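Down below is the structure, laid out as structure tokens.
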Amino acid sequence: MSAQPATATREWPDEGSSRVPNWVYTDPQIFARELDLVFGASDWLYVCLETEIPNPGDFKRSQLGNREVVAVRGTDGTINVLVNRCAHRSMQVCTASRGSAKEFVCPYHQWTYDLAGNLLGIPFRRGYRGQGGMPPDFRPEEHGLQRLAVTHRHGVVFASFGAPNESLESYLGERMLGYFDRVFDGRQLVVLGHMRQRIPSNWKLMFENIKDPYHASLLHVFLVTFGLFRLDQQSAVEMDETGRHAVLVSRRGAQETNEATAQMRAFKPGFALQDKRLLDPVREFPGDATVVMQTLWPNLIVQQQSNTLAMRQIVPHDARSFDLAWTFFGYADDTPEMHQRRLRQANLMGPAGLVSLDDSEAMLLSQAGIDTNDDKTCVVEMGGRAVVNEPHMVTETAIRGFYQHYRSVMEL
Amino acid sequence: MSAQPATATREWPDEGSSRVPNWVYTDPQIFARELDLVFGASDWLYVCLETEIPNPGDFKRSQLGNREVVAVRGTDGTINVLVNRCAHRSMQVCTASRGSAKEFVCPYHQWTYDLAGNLLGIPFRRGYRGQGGMPPDFRPEEHGLQRLAVTHRHGVVFASFGAPNESLESYLGERMLGYFDRVFDGRQLVVLGHMRQRIPSNWKLMFENIKDPYHASLLHVFLVTFGLFRLDQQSAVEMDETGRHAVLVSRRGAQETNEATAQMRAFKPGFALQDKRLLDPVREFPGDATVVMQTLWPNLIVQQQSNTLAMRQIVPHDARSFDLAWTFFGYADDTPEMHQRRLRQANLMGPAGLVSLDDSEAMLLSQAGIDTNDDKTCVVEMGGRAVVNEPHMVTETAIRGFYQHYRSVMEL
Amino acid sequence: MSAQPATATREWPDEGSSRVPNWVYTDPQIFARELDLVFGASDWLYVCLETEIPNPGDFKRSQLGNREVVAVRGTDGTINVLVNRCAHRSMQVCTASRGSAKEFVCPYHQWTYDLAGNLLGIPFRRGYRGQGGMPPDFRPEEHGLQRLAVTHRHGVVFASFGAPNESLESYLGERMLGYFDRVFDGRQLVVLGHMRQRIPSNWKLMFENIKDPYHASLLHVFLVTFGLFRLDQQSAVEMDETGRHAVLVSRRGAQETNEATAQMRAFKPGFALQDKRLLDPVREFPGDATVVMQTLWPNLIVQQQSNTLAMRQIVPHDARSFDLAWTFFGYADDTPEMHQRRLRQANLMGPAGLVSLDDSEAMLLSQAGIDTNDDKTCVVEMGGRAVVNEPHMVTETAIRGFYQHYRSVMEL
Amino acid sequence: MVAVAPGMEVGLELRARLADLYCAYDDALNDGALERWPELFTEACVYKVIPRENVEQGFPVALIYCESRDMLVDRVVALRETALFAPRIARRITSGICLRAIEPDGLHLTASFAVFQTMQDQPSELFLCGRCQDRVVDDGGALRFAERLCIYDSTIIPTSLVYPV
Amino acid sequence: MVAVAPGMEVGLELRARLADLYCAYDDALNDGALERWPELFTEACVYKVIPRENVEQGFPVALIYCESRDMLVDRVVALRETALFAPRIARRITSGICLRAIEPDGLHLTASFAVFQTMQDQPSELFLCGRCQDRVVDDGGALRFAERLCIYDSTIIPTSLVYPV
Amino acid sequence: MVAVAPGMEVGLELRARLADLYCAYDDALNDGALERWPELFTEACVYKVIPRENVEQGFPVALIYCESRDMLVDRVVALRETALFAPRIARRITSGICLRAIEPDGLHLTASFAVFQTMQDQPSELFLCGRCQDRVVDDGGALRFAERLCIYDSTIIPTSLVYPV
Ligand code: FES
Ligand code: FES
Ligand code: FES
Ligand SMILES: [Fe+3]
Ligand SMILES: [Fe+3]
Ligand SMILES: [Fe+3]
């Protein structure tokens, strides 16, 4: 740690987005700005799946940036996303993490809000026997719960703190929308369960990790050994126009030795499973991609890794930690075998995932290296220095794309 | 959290003391200023009860603001309040939380202070065999323990870091003094025991809570259900001239249904106790008030709730947490029945109190709502926008009074 | 705590180095500057003992200031000290705390470094089948692990983040070198084990403690009672020219009462051990000094207390906490009796040491006194106000020497 | 295993019955089955949660102070029906159960307890630890607590003590 | 002491054998002797680590989801051979082992567990706590877990769950 | 319940006596009755508190290193009479006591321990956890520790180790 200069004096390295200065992962002032400019602006943030709140009154809490919100289905079936803060004296109105409600009653003084956040009632608003009460000019309509702009597509709910000037579809862009619709094709989704982990690193390291196909063949011995993800397979890294969203697309390969595995220490040719059921992937989507990992600015990863499907929501806590909240899902029309397969393959994902624990540990170890070297700079030059889509995995282009967008948003 | 502007640029909402901006509960710089201007100035802070240190040499540690002090009865019977910091190299001189001492010896180099904090002795001050020692011009009288101005009334000890320009009596003002003397009427006090809780909220939320009669009928189902505190009872909220001190006065009512209970969700008409002894209050003070809660700037609540009497001392830790230290007491002339009654009624108070745990949890939930919404503002308009005494409970006037004074002290 | 002024506005008391303002122990900005100017500059920092990494490839992690480094013996037998941060994206390259390696492979993307930190290999540097890879102008020689200047003397390894303009010998100065060589006389060292404690105080309090002979006779009842350290014994406090390094030299005395013990409350004439083996010191160094404690700027204490020898490494965490890492050692030619004696006498040292636990607790209690009184000042006038070597123990001269140097380094 | 203090001779069957009682106690609290909790006490029981500080200084005030099984029931109902609190999960563990004396008024035991607490979407944390001082009697064939004092080591309760310990 | 639920009569020998099994389990994990861990399960065992939240809502997904002893072995080998993780030490303790029912499909037990974790050069910390829901059978003379559900109280895993609990 | 390692046959009475010893040990420390602590050891006992790191690397240095009951007494007296330390309360719990072997030199056991610590006006915290490696002998009719190694998992002691563990 060196003495922290004011944010204003932070200067991005001359090399541009192929370099990332370590202070973006440590500076509390940078983090505070991110809460406003990245998580609190007009972008569409992932909130939850529609199927989590199927009926009117059903609600679920979620965290957008560092704000607690409640996603609730209104009586008319529309979904409202409300900031969980009473307009009176700021208490959290909703203490349950999920449930069903007819209205929200703040426990402190029982100010009551409808499912759209409108202030319905204030006990003793008119006083009692002529004494006390709210001023006559008090306007309840100005004191509702803060309500966000909401949109949803094929069962996935997004919200925005600002007034987005584009639809979700245009926000994602055509290419990303295609990949989005590949998994969210309109079929009814079914939640299989949640996992959550608190990772002691900056939240951006999570995005870097998923936007980085280069590491997959090298770090994930399990993945590579069983051919689930191999750099020598046909693959692609694609972004939207801005660089903020991306997908990694890959195909399954065999557990074989070749000129690529020669450069992959991770590859263990002799390793076999005792119980083969752990790895029994079945093709279920059109095309031959077996892995599609989509990163959507600013808080979502859509994971399709063989037959495990999950939303990974990023919830930043401070410059040095974030929560990763996983929602595993399938489709209502899954066969019992496919259902079971998804549960089994979940062994590879989540906080104990035989693949993804490598990643959470990598983030821990990265932040450890960063924390005491925040005067140093990361080098992001694999695949060149440009931000372009690539038909291969030997590139960090999507990380550069992310920082290109980040810098413009953060004015850095 | 938005990027925190410097304190200097903080601006109170135009509406004045009927609005409280959330940053007063979160900003570390505001908190640092409070330690100086609220807790470290010339106000009288509650220290302890006289009866806790009955004999010469008896001492008890206390926390005033964030400073550790020792209240000790001197050899002449007067009470001294000393900052627990050695004048040599700043070690805490007193490590026990209470006890009896003839003098205070700093463990590090055994500098020795008398019970008034005067530096009595320094080992090897003159050196040893002509070598070393303190400089000849060293003046022990300049190196005592910091000693506070002290006053006490009817068994209650107060101290001040500054040089108060008014007596405790004038500091309290005539009206508050009357309520103070109602409980502290000169009878010998007896400590019944201590409780302490660490509450993850800003300390001011504790004062707001006790200055807020509006919540009592709505939040405290237990209290309301058994008629211990009802908004439809004759009652009052009164302040001193400045607004910094206040009392809430209430009367017991019946467990009955009427037009007020119609607005009180808290009211549960059918609920009855299996063991009635828990609620067996007896009138013991003149007048018909059954509850008098007095809030004394800047760190004390005097609680008379039926027959439970307690000092609640506020010890701020940082912007987001404080300790609430309870000292339950009775009178030396209590009958055994009254003694037992106080112990039983203590079930309603403290960290596990069937009433007061609602409050500590409300503070936790309020801070949670505040923490991620520090750009928002609390609305304190119940009972109007003015700071005036009121003969009823449907008002937040005392909270406005508190912030009126707070703003003038903090220059906000 | 008062509102913290910017570092720039901090002013050292007029009295100079005989006063220490409490904010040097609490201010995070001061701490950040210390990491740069005290621990991150051109001074020689203690790293480890040579014998901990005897063979090529043997490595051990160490913390210099707040930076993680790896000390590793190269294939040619020289010792390298490398910052544990991958040049690619900043991950810690070495996750084990010790071991043996042929090279360092970063787990994330397997960038591979030789034992001198040179970047040897990057998987897929040239891409795969003509796609991707690092830019052609990427220069591996610019992307090694940061490598520190290293020196060692008689088995003790030091390193520096800057380019030291003086040898270790000149850095220590002639007098300090003499004391250093007294313990490190060229004999083969043997590590007996490690201990580590996290002390909730500013790191400078550790140095003050060891540079302060005045406390030893007063605080350490055990030491004094058994005559292991007595202020009435012939002794000395000596420093190098700058004041940054110092030694305390003392001799054993008898367990007897005299004019000095009269001023030492610590002295307990009647106390005897049931098992005398705990205290069975044997003279092993030339001269009649039985205790020599050497403090070497900025992170080392060399302890020779009777027959316990230990390196005590100071690892600062933040303004209010540091780790003290102990490495106990002996000599390869120790007799079995001497070996056993060292182990027994270790009962007096370390986190549970019958002597040194007084010190860690004293630091805890000092920081507690400091934390809430950071507007106060420590008085360091024992033995006068000058910085001079002294042939006795009744002095704080070496603390003044330390702060004289500290102020010039920190420009305070 | 319930242990016995030095010098006492106690059959294994009694040890086992005591172990069952202690386990049932933790179980009732850990399951959130507060309704089962009063049944483990006698009708005229005493139950207190009290800081060590008060015990040491002879101060009688307790955070929870119940003088009958009915009062335990009242507390459970009050928690269920009237109290506001943020959701939390308690996990109580017991160690070192020791039968110290067999007196006419019952079996006197002590044990150490620790309670871990989990707030919503937060990691689990140590909440309290301390010692139980118990008197157990045979109450119509079942062992029950005639007296249970939960003396916690800290002076500080983190936020609130919602559930009994 | 393994306790039994009210109303059950269980011999001391069975209690002792169960205690041995539970102790061996913690021991295997605490020694870092993961290789011994699968041996404490039957061949067709079920082992899951699952947040309480999922259990309460009926969600089937588990962090670890093993349907056979072979899958336990696969996990151990994968951890040993393929996983990257920062060094850590786990210490598992068990409390309140309670035999709740003896059914044709085996002995049904519950127990509380807590796992403390120590990262390199860091103080030890509480990592997780929760409840085990177990089915134990006599498997050729040895008691083994036919089913072990480790239901942890928190929704949050600190960083990663590397070792089984 | 003291457990036994697989393959061993040990009577319930011995298990109970061992449980009594282990409980008495924790009890002496938890009561702050340090004076009772040396009595649980044989005269020629060995007692050490040592970080796992040193054990694993074969380093002999221990934080506390006592070679006789007298040395235990000396430490207690030194703590009582000579040491400065901030007031604190320790609470030691034991889990997984396992009799691993019966050898001519005594009974060999291991157990897990955790110590929670409470500083004045602070919440209770986990202080240390680790494993005991013990040798217990019958010493004139009473079971006593001939050897107790307390091997703690962390390398880090929070501030100081004042009381034995
Ligand atoms: S804070 Fe919500 S009603 Fe008062
Ligand atoms: S610090 Fe108190 S005597 Fe030195
Ligand atoms: S971070 Fe080290 S190889 Fe990529
Ligand atoms: Fe990955
Ligand atoms: Fe209230
Ligand atoms: Fe010392």
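Only this structure's heavy atoms are used, side chains among them; waters, hydrogens and symmetry mates stay out. A quick note: this is a predicted structure, and the numbers were derived from the prediction, not measured. Letters A, B, ... are given to chains in the order of the sequence lines, protein chains preceding strands, and every chain is numbered from 1.
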Notebook entry, point to check: So which bits of residues 385-393 of chain C come within less than 4.5 Å of chain B, counting non-hydrogen atoms only?
Noted result: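 Against chain B, the residues of residues 385-393 of chain C that fall inside the cut-off (heavy atoms, under 4.5 Å) are C/Arg385, C/Pro391, C/His392.
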
Who among [options] has the most heavy-atom pairs with chain B under 4.5 Å?
{"options": "C/Thr395, C/Leu364, C/Thr377", "answer": "C/Thr377"}
{"options": "C/Thr397, C/Leu205, C/Asn209", "answer": "C/Asn209"}
{"options": "C/Ser18, C/Ala216, C/Gly383, C/Gly384", "answer": "C/Gly383"}

Checklist line | Spacing of C/Asp371 atom CG and B/Arg67 atom CZ [to the nearest 0.5 Å] | finding: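 One gets 11.5 Å once the value is rounded to the nearest 0.5 Å.
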
Margin query: Quick check for you: to the nearest 0.5 Å, what is the distance between C/Ser217 atom OG and B/Gln110 atom CD?
Written below: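 Answer for the OG-CD pair, C/Ser217 versus B/Gln110, is 9.5 Å.
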
Item checked: Interface moiety of B/Val83 toward chain C, non-hydrogen atoms closer than 4.5 Å ->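 Only the side chain of B/Val83 comes within 4.5 Å of chain C.
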
Checklist line | Presence of salt bridge, B/Arg85 and C/Asp374, under 4.0 angstrom | finding: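 A salt bridge is absent here (no side-chain N lies under 4.0 Å from a carboxylate O).
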
Next item on the list: Provide the closest heavy-atom pair for C/Leu218 versus B/Pro123 in the form atom of the first, atom of the second, distance.
Entry: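 Taking every non-hydrogen atom into account, CD2-CB, 3.8 Å.
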
Checklist line | For the student: nearest non-hydrogen atoms of B/Thr95 and C/Leu365, plus distance | finding: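 The answer is CG2-CD1, 3.6 Å.
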
Check: Under a 4.5 Å cut-off applied to non-hydrogen side-chain atoms, are B/Ile122 and C/Met382 in contact?
Finding: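 Sidechains of C/Met382 and B/Ile122: in contact.
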
Checklist line | Side-chain heavy atoms of B/His88 within contact of C/Glu396, under 4.5 Å | finding: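 Counting from C-beta outward, B/His88 and C/Glu396 do come under 4.5 Å.
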
Next item on the list: Report the relative orientation of the aromatic rings in C/His215 and B/His109; use parallel for angles under 30°, tilted for 30 to 60°, perpendicular for over 60°.
Entry: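 The arrangement is perpendicular - the two ring planes meet at more than 60°.
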
Note to self: With a 4.5 angstrom heavy-atom cut-off, is it the side chain or the backbone of C/Asp212 that approaches chain B, or both, or neither?
What the structure shows: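 Contact with chain B involves the side chain of C/Asp212 alone.
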
Check: Is chain B contacted by the side chain of C/Gln367, its backbone, both, or neither, given a heavy-atom distance below 4.5 Å?
Finding: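 The answer is neither part of C/Gln367.
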
Margin query: For C/Asn373 and B/Ser90, which I'm curious about, is there any donor-acceptor pair between the side chains at under 3.5 Å?
Written below: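 No - no donor-acceptor pair under 3.5 Å links their side chains.
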
Notebook entry, point to check: Just checking, any donor-acceptor pair under 3.5 angstrom between side chains of B/Tyr108 and C/Asp359?
Noted result: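 No pair is found: no donor N or O on one side chain lies under 3.5 Å from an acceptor on the other.
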
Show me the donor-acceptor pairs, under 3.5 Å and distance only, between side chains in residues 142-149 of chain B and residues at least two apart or in other chains.
{"unit_1": "B/Glu142", "atom_1": "OE2", "unit_2": "B/Arg139", "atom_2": "NE", "d": "2.9"}
{"unit_1": "B/Gln146", "atom_1": "OE1", "unit_2": "C/Lys376", "atom_2": "NZ", "d": "3.2"}
{"unit_1": "B/Arg147", "atom_1": "NH2", "unit_2": "B/Asn80", "atom_2": "OD1", "d": "3.2"}

Note to self: Would B/Arg89 and C/Val379 count as a side-chain contact (heavy atoms from CB on, under 4.5 Å) here? Give the steps.
What the structure shows: CA-CA 6 Å; B/Arg89 290 203 343 241; C/Val379 173; over 6 Å; no

